[in-house]
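Below, chain A is the first sequence line, B the second, and so on; all start at residue 1. Because only heavy atoms are used, hydrogens play no part in the values below, and waters and symmetry mates are left out as well, while side chains stay in.
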Amino acid sequence: MVRGMTDRALVGFACAYTPLPLLDAAGFVPWRILPVGDAPDQAGHLLHDNLCPHVKRILDRAMAADLPPLAGIVFMSSCDAMRRLPDAWRVARPHDRLALVDLPVSTADDAVEYFAAELRALAGTLAEWHGSPVPDERLVEAMRRYDGLAASAAELRARLARAELPGGAAALQAALNDVTTGGWEAASRGWLAGPDPLRVLDRRPSASFAAGEETVDSRLSTLNALPVSGVPVFVFGNVLPDPEAFALFESCGARVVADDLCTGARVLASLAPAADADPYVRLARGLLGRSPCARTIDPAHPGRAATLVLDAARACGARGVVAHVAKFCDPYLARLPAIREALRDAGLPLLVLEGDCTRRSLGQQRTRIEAFVEMLERR
Amino acid sequence: MIGEYFSGLAHDIEGKLAAEPGAASARKIFALEVARLGVRLYSPGRPVAWCGVLAPFDLLNAVGVTSCFAEFVGAMLAGMGAASAPLEGAEQAGYAADTCAYHRAVVGAAMQGMMPVPDFLVATTTPCTGGLAAIENLARLFRRDLLVLQIPRAETEAGVRFLAGQLERLARFAAGRAGAQLDPQCVAAAVDLSNVTRALMVEIYDLARRVPSPVSNRDLANFGIVVPLLMGTQAGVDVARATRDELAARARDGKSGVPGERFRLLWVQNRIQFPNPLLRLLEDEYRAVIVVDELNDVTWEPIDPADPFPGMARRAIGLPLNGPAERRVARLRQLATEYRVDGIIQPCHWGCRQGTGIRGLVQRGFQELGIPVLNLEVDCIDARSFSEGQLRTRLEAFLELIAGRPRVRA
């Protein structure tokens, strides 16, 4: 139980492709293990130094027991680094219950069908963990609840794009973190879906263990004080969970109008409506069909990641694009040249920031961000 | 440049073999068939496919497509001492130096016109995310059709069915590109040849297990990773048979590959592909022999020629590089035990999240067996960062450590 917020057991997850409605339907509260906090660097004993810092920070937290009690952890085989995480976790915490779900790289029909079979197998594992089966109707209901959350998140994003969201992107990120680190149940009961979705933040202490005793109230008052004006930019990449990171962008004169990050817009993205009668096929198609991480490819359109970034940046009216990529992240590093080329051809400036999931690493980039914003202002 | 290199190499070896048929060593026959493959890749004629490492090359050979994994070009460039220019080209184009140099070299070579434009490309999701991205980038650069083989992580019924279906579609597509319909009899004939090659590989590795081992440090270098390119062809059978015969003759005559064999080593994953003195150091100064490479292994069952796709699917899924690290570590431990090795050399190829990523887990697995592991921080392709003195010192210290230990091999 997390600080009085839920009496349901938590199941950890680390990837935006995790089937959160299925975890919910199985009777668990999804709890995202974010690469935050001050756990000492121990992951290097098990994984090489040149592996994704997102994965290593998560493993650091596991090795330092910087996690709430988890009934189990669900991993997705999204990339090499994510595959290495359960490998190392089994050694670091051999008594934890782990599930690894195979994740196809495309949205072809047979890939959807295979992924649905994987999700059915996961339902069996979750049923074992919980001690009760997962009826189809409960999954259908959980997907409906999830789409309600996604609609609320979409509304928040729309307000962000219109510069009508108090606290800007930092407040939105704080809300997303809270929903996925214990606030799921509260949010899905309607707190997030009310007339002021952000009021969920005012109701309770932070669920984030890393946040310690800091309350969301105090954090939000700081964030509300920040301006929500500036040069509109679009941010994409993998993990950027720290609200302070967005506050940094905004303090440099940028206004984040939209993002495509695995800890941001891809967290509570809507499952596209699908006609499939089988809820597992519907869930599989929905998860694979959302805005993709760079690890997901469209064989009919090699290099599609570049098109998607360009389209998203244009759609939100950004005057510049920021790529935030965790070091050693092959899926993004390999696609950056094509993305750079597409943005250059379209006349949209790009700033690439490599980070190691610490606030310090981003803080060191302040001068570059300021210079980038100044350049955008002069255009 | 690479095409001319292959043509020259094939011509030279053919000339030598014609002049002196008795000098046809197994390694020479292997080199000749690799050169001939290179010539086919760089010559107009048959359709060409650049692929991921786990593509079914026997299937593609069966339907008349010349195919090769793209990393092969990176390795060849490194072997020729010519990888620097494509690596620098890729880096200048924005490909991060933190990524795998096999893939950077290949993308750089493609940008510099050093790779033939293929008819299509086949990416595989295993062994690594970087390889998948490299093939996607090649498809973008060449503007050619891309097929993706999604290799499940575990051998479940659904997984085998999923991959088998993809393989059948690939076969039909590739046959179409070769201007024909898929002919099950051609595929069956190729599978028969693959099965013969597989059986010979099993014999080869059985021979290598002997104490002393009949293999030297070069006899089977890159063997298990390159022979699959020749699977489904008579050339593959010929190379494997020549290798088997040569090792069997040595074993019969009581000759060891490294005279006075003193230390037996297991080499994890890939060899260092550019010229370097480390193998010579192992043999000449320490009489240490790499009796087994991780990639010199047969982990699949013979494939049913009448129903080849499920067997090919199982072959790919069952590869230890696929699936959880504990399966791979278990297989490495089994190899170490069967080959009675004294030590493990693990080159931690910079930028490899697949193999190098689990460095600590491999080391831990061998610690439990009491077998020492040397982690060599090295880039197997990019000689620009090679520090011979440092590696020599570490290798020497490692071998001295082994020398001072009681033998654990049974």
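Ring centers of A:Trp89 and A:Phe75: under 6.0 Å apart, within the cut-off.
Within the 4.5 Å cutoff, the side chain of B:Glu326 has heavy atoms near those of the A:Arg90 side chain. At least one side-chain heavy atom of B:Asp98 sits under 4.5 Å from a side-chain heavy atom of A:Lys327.
Of the atoms belonging to B:Cys100, not a single heavy atom falls under 4.5 Å from chain A. If you measure heavy-atom distances from A:Arg304 to chain B, the contacts under 4.5 Å come from the backbone alone. The contact between B:Arg169 and chain A is made entirely by side chain atoms (from C-beta outward), counting heavy-atom distances below 4.5 Å. For a residue to count as touching a neighbouring chain, one of its non-hydrogen atoms must lie under 4.5 Å from one of that chain's; by this rule B:Gln92 does not touch chain A. Contacts between A:Ser77 and chain B at a heavy-atom distance below 4.5 Å involve the side chain alone, from C-beta outward. For chain B, the nearby parts of A:Leu46 are the backbone and the side chain; heavy atoms of each come within less than 4.5 Å. In this structure, chain A has heavy atoms under 4.5 Å from both the backbone and the side chain of B:Arg153. Proximity to chain B is limited to the side chain of A:Ala117, based on heavy atoms less than 4.5 angstrom apart.
Geometric assessment of A:Arg285 against the ring of A:Phe115 yields a negative cation-pi assignment under the 6.0 Å and 45° thresholds.
For the options A:Glu354, A:Arg335, A:His45, heavy-atom pairs under 4.5 Å to chain B are most numerous at A:Arg335. Of the listed residues (B:His103, B:Arg353, B:Arg140), the one with the most heavy-atom contacts under 4.5 Å to chain A is B:Arg353. Per-residue heavy-atom pair counts under 4.5 Å with chain B were compared for A:Pro104, A:Ala88, A:Cys52, and the maximum is reached by A:Pro104. Highest contact tally toward chain B, considering only A:Ala121, A:Ala81, A:Ala111, A:Ala108, is held by A:Ala111 [criterion: heavy-atom pairs under 4.5 Å]. Ranked by heavy-atom pairs under 4.5 Å with chain A, the first of B:Arg359, B:Glu136, B:Arg104 is B:Glu136. Chain A forms more heavy-atom pairs under 4.5 Å with one residue of B:Cys128, B:Gly94, B:Ala93, B:Ala139 than with any other, namely B:Cys128.
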Inset, instruction - With side-chain contact (heavy atoms from CB on, under 4.5 Å) as the test, would you mind laying out the steps for B:Leu163 and B:Gln150 before giving the verdict? - result: CA-CA 7 Å; B:Leu163 182 51; B:Gln150 307 192 58; over 6 Å; no
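Looking only at distances, a side-chain donor or acceptor of B:Gln112 sits under 3.5 Å from a matching main-chain atom of B:Ala85. Judged by distance alone, the side chain of B:Arg144 and the main-chain N or O of B:Ala49 form no donor-acceptor pair under 3.5 Å.
Defined by atom type and a distance below 3.5 Å, a donor-acceptor pair is present between the side-chain atoms of B:Arg331 and B:Gln334. Side chains of A:Tyr114 and A:Asp102: a donor-acceptor N/O pair is present below 3.5 angstrom, by distance only.
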